[in-house]
Amino acid sequence: MNKVTSIVAAGTAVFLMQAATSTAAMAQDKASTLQQVKDRGYLSCVIGNSFPGFYSLDKDGEWQGMDIDMCRGVAAAVFGDPTKVKFMPVQWAQSFTTIKSGEGDMLSKGMTWTLSRDTSQGLDFLETYFYDGQGFMVRKDLGVNSVKDLKGATVCVLTGTSSELNLADYSRTHGLDLKTVVFDDSAVRNTAFFNENCDALTNDKSGLAAQRSAAPNPDDYIVLPETISKEALSFAVTQNDSEWANIVKWTFETMVAAEEYGITSKNVDDLRANSENPVIRRILGVEGDLNTGLGLSPDWAYQVVKAVGNYGEIYERNVGTNSVLGLERKGTLNALWQDGGLMYAKSFR
């Protein structure tokens, strides 16, 4: 190696060391998501504009729904106060960028967990809180009893969603030649369908139930029997942020575990004071130190259940048989594992 080459090599080494040191310093200077949320004083939760049962405004202008309760649960875990959350309704196209930019702390808006979203959008999907599937709604007077009868029909669909791709795949596979009519806004899409600007509306079946319930005359519409996809509605946070991901993930696990162990928003105080079950005592922070790895207070899980209830309470209140959607849980994938469903809490140990 000659003298010039040695000098260049040495200079390159110094530059790389300085760059690495600078990058490490920047990483140390940047506060964690948890610390940013605490310093800000509230959780920033990204939702959609309106999806009755999942996120919608009530007559008093308050957000309500399953996704809303999930975000309030995280706020309760972090602050001990479910009201310390700001909801950010955005269009589908803005969902990913709002999280990646750091403007939103978590995404909870009926978003389907897919490979491309998980690997190319800068997000980490965490838990599935509702199992769904895509279907079709039509007017009764159309005389259609199956999706197969819709050959050549026009279908209203929201652009940029998994529903749009599923529709194209299904039409191609079954030779239906379905004509898509795409919309950026779900409210505009729904209005177009109810004004008979397309023959059918496609969405997750929970969404169809919500849209049918809001129709001028709900009995004029039917949801066809076919389910053409699997839609795992899941939370998402910014990628490679395990500390924050653990908080969101274990907040949901608390909701499911609470239902498994019979802990409700009504009996949680009694169980916290009197239960001798070691698992219940660990969940509610009476014994053990499960909170330390999360950076939360010992009673964080107690605060979650006290504020929003267990998973069953959240389900029934927002989308269950006595709600506006009237969705039966028994016998579905959203039932607890011991009832044949997929809701299964990880161990609190």
Side-chain angles (χ1 to χ4, degrees), residues 44-56 65-68 70-71 87-126 128-137 147 150 153-173 176 178-195 197-211 214 227-239:
S44 183
C45 185
V46 179
I47 59 173
N49 290 314
S50 183
F51 184 173
F54 291 84
Y55 44 86
S56 62
M66 200 169 193
D67 287 280
I68 301 303
M70 298 298 169
C71 294
F87 296 104
M88 301 178 60
V90 302
Q91 300 286 14
W92 281 93
Q94 299 172 295
S95 302
F96 308 117
T97 55
T98 306
I99 296 293
K100 287 190 290 186
S101 69
E103 189 177 357
D105 303 312
M106 66 178 285
L107 177 67
S108 183
K109 58 173 298 185
M111 182 72 72
T112 300
W113 187 348
T114 70
L115 188 152
S116 59
R117 288 173 177 170
D118 203 7
T119 59
S120 63
Q121 292 294 344
L123 304 177
D124 278 334
F125 284 82
L126 306 178
T128 295
Y129 61 93
F130 192 86
Y131 291 93
D132 210 341
Q134 187 173 334
F136 295 79
M137 180 165 62
V147 180
L150 287 174
T154 55
V155 183
C156 285
V157 64
L158 203 61
T159 190
T161 62
S162 55
S163 297
E164 185 179 14
L165 179 58
N166 292 337
L167 176 63
D169 287 348
Y170 191 82
S171 176
R172 179 181 173 186
T173 300
L176 296 179
L178 297 173
K179 309 293 192 303
T180 58
V181 184
V182 299
F183 298 88
D184 292 321
D185 186 282
S186 57
V188 177
R189 175 204 59 190
N190 298 344
T191 299
F193 171 69
F194 292 130
N195 287 340
N197 292 328
C198 42
D199 300 310
L201 172 65
T202 190
N203 198 1
D204 294 351
K205 285 195 166 181
S206 60
L208 295 179
Q211 281 115 37
T227 301
I228 70 168
S229 71
K230 295 181 292 183
E231 305 296 323
L233 308 189
S234 308
F235 311 110
V237 297
T238 189
Q239 206 165 46

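Counting begins at 1 with the first residue of the sequence.
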Asks: With no hydrogens and no angle check, is any side-chain donor or acceptor of S229 less than 3.5 Å from a backbone partner on Q134?
Replies: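 It does hold such a pair.
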
Asks: Which residues pass the side-chain hydrogen bond (donor to acceptor under 3.5 Å, both in side chains) test with D184, sequence neighbours left out?
Replies: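 Here no residue qualifies.
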
Asks: Between L150 and L176, is a side chain to side chain contact (heavy atoms under 4.5 Å, CB included) present by the stated rule, with each step listed?
Replies: CA-CA 7 Å; L150 287 174; L176 296 179; 5.7 Å; no

Asks: I'd like to check the side-chain hydrogen bond (donor to acceptor under 3.5 Å, both in side chains) partners of D67; sequence neighbours left out, ordered by chain and number.
Replies: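 Checked D67 against side-chain hydrogen bond (donor to acceptor under 3.5 Å, both in side chains); matches are S108, Y129.
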
Asks: Should N49 and Q91 count as side-chain neighbours, where that means a heavy-atom distance under 4.5 Å?
Replies: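 Yes, their side chains come closer than 4.5 Å.
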
Asks: On a heavy-atom basis, which atom in S44 and which in M88 lie closest, and how many Å separate them?
Replies: OG-SD, 2.8 Å

Asks: Report the residues that fulfil salt bridge (charged side-chain N to carboxylate O under 4.0 Å, His left out) with K179, sequence neighbours left out, ordered by chain and then residue number.
Replies: D177

Asks: Report the residue from I47, L123, T161, L107 that forms a side-chain contact (heavy atoms from CB on, under 4.5 Å) with S95.
Replies: L107

Asks: Taking it one step at a time, do N203 and M137 satisfy side chain to side chain contact (heavy atoms under 4.5 Å, CB included)?
Replies: CA-CA 8 Å; N203 198 1; M137 180 165 62; over 6 Å; no

Asks: Looking only at heavy atoms, what is the nearest atom pair of Q94 and T98, with distance?
Replies: O-OG1, 2.6 Å

Asks: Sequence neighbours left out, what pairs pass salt bridge (charged side-chain N to carboxylate O under 4.0 Å, His left out) with at least one residue falling in residues 89-110?
Replies: R40-D105

Asks: So which heavy atom on Q211 is nearest to which on F194, and how close?
Replies: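 Looking at all heavy atoms of both residues, the closest pair is O-CZ, 3.3 Å.
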
Asks: Could you grab the distance from atom NZ of K230 to atom OG1 of T114, nearest 0.5 Å is fine?
Replies: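 One gets 13.0 Å once the value is rounded to the nearest 0.5 Å.
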
Asks: Under the side-chain hydrogen bond (donor to acceptor under 3.5 Å, both in side chains) test, which residues partner D169, sequence neighbours left out?
Replies: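 If we apply the side-chain hydrogen bond (donor to acceptor under 3.5 Å, both in side chains) test to D169, skipping adjacent residues, there are no hits.
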
Asks: Is it true that F87 and Y55 have ring centroids separated by less than 6.0 Å?
Replies: no

Asks: Not counting sequence neighbours, which residues clear ring pair (Phe, Tyr, Trp, His ring centres under 6.0 Å) with F96? List them please.
Replies: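 Ring pair (Phe, Tyr, Trp, His ring centres under 6.0 Å) list for F96, sorted by chain: empty.
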
Asks: Heavy atoms only: give me the nearest T202-G135 pair and the separation to one decimal.
Replies: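 Minimum heavy-atom separation between T202 and G135: OG1-O, 2.8 Å.
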
Asks: Take M106 and L126 through the side chain to side chain contact (heavy atoms under 4.5 Å, CB included) test and state the conclusion after the steps.
Replies: CA-CA 10 Å; M106 66 178 285; L126 306 178; over 6 Å; no

Asks: List for me each residue that meets side-chain hydrogen bond (donor to acceptor under 3.5 Å, both in side chains) alongside D204, sequence neighbours excluded, and say none if there are none.
Replies: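 Testing D204 for side-chain hydrogen bond (donor to acceptor under 3.5 Å, both in side chains), a comparison that skips the adjacent residues, returns none.
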
Asks: Can you confirm whether L167 sits close enough to F136 that some side-chain heavy atom of one is under 4.5 Å from a side-chain heavy atom of the other?
Replies: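 Yes. Closest side-chain heavy atoms under 4.5 Å.
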
Asks: Would you please name every residue forming a ring pair (Phe, Tyr, Trp, His ring centres under 6.0 Å) with Y170, sequence neighbours left out?
Replies: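 Expected list: H174.
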
Asks: Taking side-chain contact (heavy atoms from CB on, under 4.5 Å) as the test, write out the residues that go with S162, two or more places apart.
Replies: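 In terms of side-chain contact (heavy atoms from CB on, under 4.5 Å), with neighbours along the sequence ignored, S162 is linked to T112, R117, N166, E231.
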
Asks: Could I get the full list of side-chain contact (heavy atoms from CB on, under 4.5 Å) partners for S50, not counting sequence neighbours?
Replies: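 With neighbours one apart ignored, the set is P52, S56.
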
Asks: Ignoring hydrogens and geometry, is there a side-chain-to-backbone donor-acceptor pair from D199 to A153 under 3.5 Å?
Replies: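 No: the side chain of D199 does not pair with the backbone of A153.
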
Asks: Do you see a donor-acceptor pair shorter than 3.5 Å between the side chains of T180 and E164?
Replies: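 No, no side-chain donor-acceptor contact under 3.5 Å.
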
Asks: Using the ring pair (Phe, Tyr, Trp, His ring centres under 6.0 Å) criterion, which residues pair with F193? Sequence neighbours excluded.
Replies: Y221

Asks: Can you tell me if T159 uses its side chain to pair, donor with acceptor, with the backbone of F183 under 3.5 Å?
Replies: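 Side chain of T159 to backbone of F183: no pair is present.
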
Asks: Residues in side-chain contact (heavy atoms from CB on, under 4.5 Å) with S120, at least two apart?
Replies: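 If we apply the side-chain contact (heavy atoms from CB on, under 4.5 Å) test to S120, skipping adjacent residues, the hits are S116.
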
Asks: Using modelled atom types and a 3.5 Å cut-off, is there a donor and acceptor pairing between side-chain atoms of S234 and backbone atoms of F125?
Replies: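 Between the backbone of F125 and the side chain of S234 there is no qualifying donor-acceptor contact (under 3.5 Å).
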
Asks: So S186 and F51, side chain to side chain contact (heavy atoms under 4.5 Å, CB included) or not? Walk me through it.
Replies: CA-CA 9 Å; S186 57; F51 184 173; over 6 Å; no

